[in-house]
Amino acid sequence: MKAVLGFCSLLVLLLTTDVSGQRARPRPKPPTTRKPPAPKKPAPKTELEPQEPTDFPPPILGPPSSFADCPRECFCPPSYPNALYCENRNLRKVPIIPSRTHYLYLQNNYIDQVTADSFNNATELKWINLGNNRIRSIDKQVFEKLPNLLYLYMERNQLKEVPSDLPVGLEQLQLSRNQISKIAPGTFSKMEHLVLLDLHHNRISDSNLGKNIFKDLKNLIQLNLAHNILRKMPTNIPNGVFQLFLDRNNIEDIPRDYFKDFTNIAFVRLNYNQLSDKGLPKMVFNISTLLDLHLAHNKLSTVPMFNSHLEHLHLNNNNIESINGTEICPFKPSEDVHDANDMPKLRYLRLDGNHLSPPIPMDVIMCFRHLHSIVI
């Protein structure tokens, strides 16, 4: 009996131990249908937008050079020891220019000021290209250090006036696509060697051109004042000029004797102005040296008279309704012209964009026998 009771006690003890040793399983929670909370938006940054020049890309260093004086930002080719290539380098300023440099290329950078200390030893410079930068100012002392400079290219910058104290030996000056609205009196004085002056696409008005501003440019060949805000023909242009470009202004008329004293004028461009028949004196283009005349995109209703030596005439996009060969022919129909040298030299005539339609009048063809192309 005792043995049975002992066995039962042992069995109960084992069962109790087994149950108490098991861990209680957590009950599964019912699924929730609520959306998880949206992530909080980060607080707005209080930092200011980067200002120039901190937002510029870093300068690009040039390859190692055999020249000890070669700026790290530039390339000094051994085969051209007088040339310094610093273009497309993300430069903010002009590096120190070695004294051996004759040709300096600094275009397509972020330069906003040209200071004199960069040119202390660069007295032999002949050619500088500073195009497509952000230049707003130039130290007056810069050009004092460059007595041998012949070519200066500074197109596509932010200049508001033509630099002063330019080297008197300068031959080419390109200042197109700036913001120039001021040319100080005497800016071009004594610059008798200048042959090309390009001021197109600026903000030059009649009041900005002093009466004698171009007077001393005795050897000027090309003057480009296109795409400005002129309303009158510029005065006192050197009479030896060969090319005069005045496209895209607001010029309404030309004085009767404007071209009378011009001895070499061969190319005149007056496209995109406000010229009308009333603003063109009858014989204003009767110039024996004139070869190429552009009068497109104006308000002309008749073909102006021109000299027999003219070879190209552009009259497209005007208000011309008819063309009379008898009226514009440089010689009378009754004259019998056999010598080819005496015949009108007109070879190209553009009349499209007017109120004309084919065919070309026979008197035009009979007069201008050298015509190779007529666009109508």
Side-chain angles (χ1 to χ4, degrees), residues 200 205-206 224-235 237 243-260 262 265-335 343-376:
H200 89 267
S205 65
D206 300 325
N224 193 341
L225 287 167
H227 216 301
N228 280 282
I229 49 177
L230 300 175
R231 299 183 66 88
K232 299 178 180 179
M233 298 290 285
T235 58
I237 303 295
Q243 299 172 328
L244 179 60
F245 301 150
L246 293 165
D247 311 77
R248 293 187 180 274
N249 280 282
N250 298 309
I251 297 171
E252 298 178 352
D253 57 70
I254 302 175
R256 182 178 301 276
D257 297 325
Y258 186 82
F259 295 105
K260 184 180 74 170
F262 283 68
I265 191 74
F267 297 86
V268 175
R269 297 177 61 103
L270 282 157
N271 300 321
Y272 291 95
N273 276 282
Q274 302 295 320
L275 293 169
S276 63
D277 297 342
K278 183 180 178 181
L280 289 186
K282 185 176 180 180
M283 303 301 289
V284 71
F285 294 121
N286 186 21
I287 311 164
S288 61
T289 58
L290 190 60
L291 302 176
D292 193 282
L293 176 60
H294 289 245
L295 295 169
H297 294 273
N298 278 282
K299 299 179 178 180
L300 302 175
S301 57
T302 60
V303 178
M305 298 291 293
F306 52 88
N307 193 273
S308 62
H309 291 90
L310 189 71
E311 296 183 4
H312 297 84
L313 177 59
H314 297 251
L315 290 168
N316 51 293
N317 298 92
N318 277 278
N319 300 319
I320 299 171
E321 297 182 353
S322 63
I323 176 170
N324 190 322
T326 304
E327 291 182 358
I328 64 173
C329 188
F331 61 87
K332 297 179 182 179
S334 58
E335 297 179 14
M343 292 180 183
K345 303 298 190 298
L346 191 66
R347 295 186 297 159
Y348 180 85
L349 176 60
R350 186 171 175 183
L351 289 164
D352 55 303
N354 285 282
H355 306 295
L356 297 168
S357 57
I360 304 297
M362 184 57 66
D363 53 3
V364 174
I365 297 174
M366 292 301 295
C367 176
F368 302 102
R369 300 174 192 178
H370 288 291
L371 264 176
H372 290 173
S373 178
I374 302 178
V375 184
I376 192 170

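All residue numbers refer to positions in the sequence shown, counting from 1.
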State, to 0.1 Å, how close [X] and [Y] come at their nearest heavy-atom pair, and which atoms those are.
| X | Y | answer |
| --- | --- | --- |
| Phe306 | Leu313 | CE2-CD2, 3.6 Å |
| Asn249 | Asn228 | OD1-C, 3.0 Å |
| Gly279 | Pro281 | O-CD, 3.5 Å |
| Leu356 | Ile323 | CD2-N, 4.2 Å |
| Asn273 | Asn298 | C-OD1, 3.0 Å |
| Leu246 | Met233 | CD1-CE, 3.6 Å |

Kindly compute the distance separating [atom1] ([X]) from [atom2] ([Y]), expressed to the nearest 0.5 Å.
| X | Y | atom1 | atom2 | answer |
| --- | --- | --- | --- | --- |
| Arg347 | Ile374 | CZ | CD1 | 14.0 Å |
| Arg248 | Ile229 | CZ | CD1 | 15.5 Å |
| Asp352 | Leu349 | CG | CG | 10.0 Å |
| Asn354 | Asn316 | CG | CG | 7.5 Å |
| Ile360 | Ile376 | CD1 | CD1 | 3.5 Å |
| Thr302 | Glu321 | OG1 | CD | 10.5 Å |

Any side-chain heavy-atom pair from [X] and [Y] closer than 4.5 angstrom?
| X | Y | result |
| --- | --- | --- |
| Leu270 | Asp247 | no |
| Ile287 | Leu293 | no |
| Asn319 | His355 | yes |
| Phe259 | Leu290 | no |
| Asp292 | Tyr348 | no |
| Ile251 | Leu275 | yes |
| Ser308 | Phe368 | no |

Next item on the list: Walk me through it: do Leu315 and Val303 pass the test side chain to side chain contact (heavy atoms under 4.5 Å, CB included)?
Entry: CA-CA 8 Å; Leu315 290 168; Val303 178; 3.7 Å; yes

Next item on the list: Indicate yes or no: does Lys345 engage Glu311 in a salt bridge with an N to O separation below 4.0 Å.
Entry: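 Between Glu311 and Lys345 there is no salt bridge, as every charged N stays at least 4.0 Å from the carboxylate O atoms.
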
Item checked: Salt-bridge present (Lys232, Asp206; N to O < 4.0 Å) ->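 No salt bridge links Lys232 with Asp206.
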
Using modelled atom types and a 3.5 Å cut-off, is there a donor and acceptor pairing between side-chain atoms of [X] and backbone atoms of [Y]?
| X | Y | answer |
| --- | --- | --- |
| Thr289 | Ile265 | yes |
| Tyr258 | Thr235 | no |
| Asn224 | His200 | no |

Check: Looking at His297, His227, His294, which hits ring-ring contact (aromatic ring centres under 6.0 Å, His included) with Tyr272?
Finding: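 The option that passes is His297.
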
Next item on the list: Before giving the answer on side chain to side chain contact (heavy atoms under 4.5 Å, CB included), spell out for Asn324 and Asp363 the whole-Å C-alpha distance, their side-chain angles and the decisive distance to 0.1 Å.
Entry: CA-CA 7 Å; Asn324 190 322; Asp363 53 3; 3.6 Å; yes

Margin query: Pair Leu295, Phe285 - check side chain to side chain contact (heavy atoms under 4.5 Å, CB included), show working.
Written below: CA-CA 11 Å; Leu295 295 169; Phe285 294 121; 3.8 Å; yes

